[in-house]
2 protein chains.
Amino acid sequence: MNTFSDNIFCPEHRMYGNASKKTHTKGCIHPIEVGMRTLSLTKTYTCRGIEFSSIPLYDTSGPYSDPSVIINPEKGLNPLRDKWKFNSENTEPVSEQGNETAAARVPLRAKKGCSVTQLAFARKGIITPEMEYVAIRENQQLEEWIASFPIGGKTAEPFTAEFVRQEVAAGRAIIPANINHPELEPMIIGRNFRVKINANIGNSAMGSSIEEEVEKAVWACRWGADTVMDLSTGTNIHQTREWILRNSPVPIGTVPMYQALEKAGGVAENLTWELYRDTLVEQAEQGVDYFTIHAGILQEHLPAAGRRMTGIVSRGGAIMAKWCKTNNRENFLYTHFDEICEILRSYDIAISLGDALRPGCIADANDEAQFGELKVLGELTLLAWEHDVQVMIEGPGHVPLNLVEENMRKQLELCHGAPFYTLGPLITDIAAGYDHINSAIGGTLIAAYGCSMLCYVTPKEHLGLPDKNDVREGVVVHKVAAHAADIAKGNPTAWLQDELMSRARYAFAWEDQFNLSLDPVKARVLYAESRAASGQTDGNPDFCTMCGPDFCSMKRSQEK
Amino acid sequence: MNTFSDNIFCPEHRMYGNASKKTHTKGCIHPIEVGMRTLSLTKTYTCRGIEFSSIPLYDTSGPYSDPSVIINPEKGLNPLRDKWKFNSENTEPVSEQGNETAAARVPLRAKKGCSVTQLAFARKGIITPEMEYVAIRENQQLEEWIASFPIGGKTAEPFTAEFVRQEVAAGRAIIPANINHPELEPMIIGRNFRVKINANIGNSAMGSSIEEEVEKAVWACRWGADTVMDLSTGTNIHQTREWILRNSPVPIGTVPMYQALEKAGGVAENLTWELYRDTLVEQAEQGVDYFTIHAGILQEHLPAAGRRMTGIVSRGGAIMAKWCKTNNRENFLYTHFDEICEILRSYDIAISLGDALRPGCIADANDEAQFGELKVLGELTLLAWEHDVQVMIEGPGHVPLNLVEENMRKQLELCHGAPFYTLGPLITDIAAGYDHINSAIGGTLIAAYGCSMLCYVTPKEHLGLPDKNDVREGVVVHKVAAHAADIAKGNPTAWLQDELMSRARYAFAWEDQFNLSLDPVKARVLYAESRAASGQTDGNPDFCTMCGPDFCSMKRSQEK
């Protein structure tokens with residue numbers, strides 16, 4: 001495994017340029033240090049009376065952007081949560097069946113009778129280190145700015161750890177953080193926080209190596225992914241996941257069914273509850289932070305799904321449907337749901353209730369099959385909450401723009417306010433090669449309506465497995481969507497970044513413009529490309545090649 | 001001018017592949033032939049009882065995609081509208097001041113007392129060839145399908161030439177078609193028709209040649225631009241425009257102020273009405289189909305604009321504001337508006353009322369300056385209509401998603417239903433390098449609300465002058481937006497393309513999937529790229545590298 005290519009771990013790629021430096025904010029309650037990326041600006045901008053010569057940015061890249069940290073993928077990242085020593089009295093090592101791990105870590109689980117989930121602590125009124133962490137993280141050290149931000153007739157309020165606790169207790173937000181993933185920098189998914197994005201990686205039987213997948217995970221975080229799902233289905237599933245987890249500063253999600261199916265020799269009808277259960281435990285001990293589980297697709301939904309134009313397009317859903325049909329039995333994920341919750345509870349794994357019946361084309365959107373399953377997901381949400389398990393709900397899929405709002409409304413209505421986590425929605429079927437944009441359009445809209453996390457789609461969607469360029473493109477485009485939704489929702493820290501950008505634009509401060517962009521590298525390259533094409537080789541004068549010096553409206557607008 | 005590079009006019013680039021062929025539909029009223037691109041499918045798909053083994057697609061590429069036509073940029077395209085001989089008795093050649101044109105064409109204008117605008121004919125109850133043309137074009141020879149399409153409790157109705165006439169007469173739609181642009185294939189801009197997109201091209205003082213700009217215009221049409229604006233500001237403005245017009249099958253728009261300013265030596269305060277008027281006539285005789293005119297920005301708006309974060313970001317707006325301030329006089333485009341309309345009326349040039357005060361950042365959106373100007377644009381709309389001049393209204397700009405709907409609502413309210421033509425809106429300020437996507441997100445939403453045409457934005461927005469790749473990317477991304485809005489609005493022909501795509505997807509008909517995509521070339525390349533990366537070199541089996549054969553949900557969903 002010393003084959004990791006230099007270009008992901010070398011210092012140049014770990015840094016964002018000289019203008020950025022890693023800074024840390026200490027907690028008041030717990031011994032935590034919350035990492036951010038503080039960006040120095042070339043000018044001082046005054047926004048609502050407050051001067052900014054730098055801005056701390058929400059940072060998903062973890063230690064990779066900290067040049068003082070030595071990264072060794074074979075050792076994995078620093079297990080920072082272990083040092084917070086919060087859960088130690090409630091947990092015990094898993095002694096039996098030594099689960100092989102790369103770093104020879106001994107997996108933990110909750111002691112009998114102990115609750116270790118964030119939901120359980122929140123309900124008891126306890127603020128965990130993770131809750132304090134996310135409160136600090138969401139504020140971005142911008143408390144003064146937030147308190148000056150007008151919204152709804154008053155001013156905004158900075159996040160408090162107590163507010164985080166309340167949101168988690170109410171089930172409106174989750175903090176996916178398996179006790180066996182100590183390398184994790186906690187983050188929160190809920191509609192009263194920043195909109196988050198997930199990047200899917202993982203090999204298929206068709207290609208890609210462990211190294212490539214670990215690199216993709218790190219790469220996705222570097223561009224802004226808040227969580228990563230490892231959807232590997234090929235060989236080496238266990239080992240790939242182990243390497244990803246040990247090197248990941250963001251929560252890792254999986255669809256355990258994929259590995260279970262591999263164990264069943266790829267034959268859906270041969271799956272058993274026992275085989276699936278053992279897979280859950282195996283992944284739980286490795287440290288997976290959330291599981292997609294397709295427990296809501298029932299036998300009663302299959303006729304409606306059969307009448308669709310494109311049937312079932314969820315991989316997990318198609319597997320379970322096949323199992324139910326062949327064995328003429330109810331979905332075992334549904335019938336064993338309590339046992340599943342008991343396992344998840346012992347490690348604090350959040351459940352992401354999969355939408356097996358998401359529409360695979362515009363014509364199938366918002367149909368009986370889709371909403372029939374959503375109703376069941378709502379029932380399962382209440383069941384999971386009884387077990388103190390954190391829940392989010394997965395959503396579509398392909399939905400025309402005019403039907404997007406109904407998806408959000410029904411989800412809130414049927415799923416008791418649990419966070420919504422959607423794939424797109426894609427708002428047309430004919431954007432092959434541009435489906436990342438298709439998805440970002442629907443995603444922006446549903447996030448503005450209250451969806452908490454967007455699953456990215458890459459340019460390769462419907463066509464093949466994404467490579468590193470696709471991952472970057474998919475992540476950044478969905479960052480645009482998530483950020484734009486935050487702007488629409490009036491998030492004060494999101495607004496500040498836009499305001500600084502616009503002030504930098506008006507001041508012709510090109511470096512600040514690049515650095516405040518969601519992808520500074522690309523912005524810088526495109527600017528340079530245009531200048532080179534037009535023979536401009538001097539510094540950064542007060543215009544760009546788009547308008548030239550005589551037609552620059554901003555320049556003219558500032559004259560006299 | 002024999003320096004045009006082969007790659008835009010050579011047959012390979014003119015064709016869409018063997019599956020496509022150019023077909024023509026004859027008119028019933030007029031001697032017109034409406035070109036479309038008919039796509040053959042590899043399978044026959046049954047949609048609502050109708051069998052499709054091919055589908056005619058709306059085609060903006062003009063003769064360039066017809067291999068039987070010999071293209072010679074020095075001669076220009078075939079002047080097809082001349083052959084319809086519709087306007088001949090109402091027009092006369094402009095004899096005096098021989099306006100130099102590349103093709104030695106003699107410009108025409110309306111005879112004294114004659115009205116040659118589409119609006120004038122529509123109001124008189126006359127169906128022009130252009131009206132019949134757009135009705136046929138919008139139907140895509142899919143009348144049977146349209147009549148089967150359920151919408152609002154009944155079925156849809158195919159477009160008729162009479163319906164087009166009514167929409168034009170009511171001012172809800174325009175057909176920009178200067179009598180001096182006979183090469184034009186007429187198209188319609190209005191919210192009861194397909195959403196259209198515009199591509200801006202044009203050199204700045206910073207670079208780019210005539211050849212490059214003509215190529216960009218043809219290239220933009222090839223990817224789906226419905227109109228092209230030539231925003232050249234550098235040298236050779238007149239000649240560049242002449243070449244573009246003679247080789248353009250789509251309407252060409254300009255901002256005449258740019259050329260007027262060049263004539264005034266780049267000094268805004270030296271502009272005069274006479275100089276501007278002569279520029280209008282010069283461009284009118286060349287055949288420009290619509291003019292952006294910033295007649296709505298008044299002295300009374302300037303204090304509000306001065307309080308903004310980024311001031312005035314419209315180039316034409318900044319010029320006029322400077323002129324008003326320096327000369328302490330009212331905007332001469334406003335005070336001479338009747339004379340402007342008289343000129344436009346003589347050639348049937350549509351007016352695109354420019355939004356000089358569009359917001360240049362999120363913080364300035366929907367402010368007093370913006371809506372103050374919009375109110376004036378509404379008043380000018382009524383004035384233009386009095387002169388039988390067709391009108392559309394330009395819109396923002398930078399607007400957070402939650403304020404997009406108000407833009408559409410106010411525009412409809414204040415501008416009496418005239419078509420809205422927007423730039424974006426961009427829904428965040430920090431997407432440099434990704435502003436085409438930023439724009440497509442806001443654009444989809446406003447188009448779904450009723451905006452009739454979207455002005456594209458390229459990845460180079462805010463950074464530099466777009467090159468050919470940027471033009472393609474900008475066009476296709478805004479096609480996604482426009483098409484998705486058509487889907488949201490229930491346009492039957494748009495739905496059919498999505499339905500065929502999804503049926504092809506479910507049938508693993510890869511060639512059909514590529515060809516039904518908005519950018520078949522890119523879809524094909526990405527598919528091949530993934531297969532090559534995973535060592536797949538065989539044909540097109542029933543899966544892609546994204547899931548591999550065992551995990552394909554569509555395949556599994558079709559078993560038993």
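Here is the naming used below: chain letters follow the sequence lines, and residue numbers restart at 1 for every chain.
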- [ ] Determine whether A:Leu463 and B:Phe514 make a side-chain contact, defined as any pair of heavy atoms from C-beta on separated by less than 4.5 Å.
- [x] yes
- [ ] Name the region of A:Thr444, side chain, backbone, both or neither, that has any atom closer than 4.5 Å to a heavy atom of chain B.
- [x] both
Task: Minimum-distance pair of heavy atoms, taken over all atoms of A:Pro400 and B:Ile487 - done: CB-CG2, 3.7 Å
Open item on the list: Please rank A:Ile430, A:Val476, A:Ile441, A:Asn402 by heavy-atom pairs under 4.5 Å with chain B and give me the top one.
Closed with: A:Ile430
Task: Most chain B-contacting option - heavy-atom pairs closer than 4.5 Å, from A:Gln497, A:Lys479, A:His483 - done: A:His483
Open item on the list: Taking side chain as everything from C-beta outward and backbone as N, CA, C, O, which of these in B:Pro459 sits under 4.5 Å from a heavy atom of chain A? Side chain, backbone, both or neither.
Closed with: both
TODO: Using a cut-off of under 4.5 Å on heavy-atom pairs, state which of B:Cys361, B:Ala432, B:Ala431, B:Gly443 scores highest against chain A.
DONE: B:Ala432
Open item on the list: When you compare the side chain of B:Leu401 with that of A:Leu445, does any pair of heavy atoms fall below 4.5 Å?
Closed with: yes
Open item on the list: Which one wins on heavy-atom pair count under 4.5 Å against chain A: B:Ile362, B:Asn438, B:Leu500?
Closed with: B:Ile362
Task: Side chain, backbone, both or neither of A:Glu461 within contact of chain B (heavy atoms, under 4.5 Å) - done: both
TODO: Measure B:Asp467 against the heavy atoms of chain A and call it side chain, backbone, both or neither at under 4.5 Å.
DONE: side chain
Open item on the list: Rounded at 0.5 Å granularity, tell me how far OG1 in B:Thr310 sits from CD in A:Glu499.
Closed with: 10.5 Å
TODO: Heavy atoms only, distances under 4.5 angstrom: which of B:Gln513, B:Glu529, B:His462 has the most pairs with chain A? Name it, please.
DONE: B:His462
- [ ] Please answer whether the main-chain N or O of B:Asp429 pairs with a side-chain N or O of A:Arg505 as donor and acceptor at a distance below 3.5 Å.
- [x] yes
Task: Segment of B:Ala494 engaging chain A (4.5 angstrom heavy-atom cut-off) - done: neither
Task: Engaged part of B:Ile319 at the chain A interface, taking heavy atoms whose separation is under 4.5 Å - done: both
- [ ] Under 4.5 Å heavy-atom distance to chain B, tell me which part of A:Ala305 shows up: side chain, backbone, both or neither.
- [x] neither
Open item on the list: So B:Tyr506 and A:Met309, do their side chains get closer than 4.5 Å, heavy atoms only?
Closed with: no
Open item on the list: Run the salt bridge (Lys or Arg N to Asp or Glu O under 4.0 Å) test against A:Asp470 and tell me which residues pass, sequence neighbours left out.
Closed with: A:Lys460
Task: Which atoms of B:His398 approach chain A - backbone, side chain, both or neither, heavy atom under 4.5 Å - done: side chain
- [ ] Sort B:Ala484 into side chain, backbone, both or neither according to what part of it lies under 4.5 angstrom from a heavy atom of chain A.
- [x] both
TODO: Among B:Leu516, B:Val521, B:Asp519, single out the residue with the greatest number of heavy-atom pairs under 4.5 Å to chain A.
DONE: B:Asp519
Task: Residue B:Ser314 versus chain A: region with a heavy atom under 4.5 Å - done: backbone
Open item on the list: Shorter than 4.5 Å, heavy atoms on both sides: which option in B:Gly311, B:Ala321, B:Ala481, B:Gly266 has the most such pairs with chain A?
Closed with: B:Gly311
Open item on the list: I'd like to check B:Val480 versus A:Thr428 (side-chain heavy atoms, cut-off strictly below 4.5 Å). Are they in contact?
Closed with: yes
- [ ] Name the member of A:Gly464, A:Ser530, A:Gly433 that forms the most heavy-atom pairs with chain B at distances under 4.5 Å.
- [x] A:Gly464
Open item on the list: For A:Pro466, which atoms come within 4.5 Å of any heavy atom of chain B: side chain, backbone, both, or neither?
Closed with: neither
Open item on the list: Looking at chain A, which one of B:Ile312, B:Leu518, B:Ile427 has the largest number of heavy-atom pairs inside 4.5 Å, strictly under?
Closed with: B:Ile312
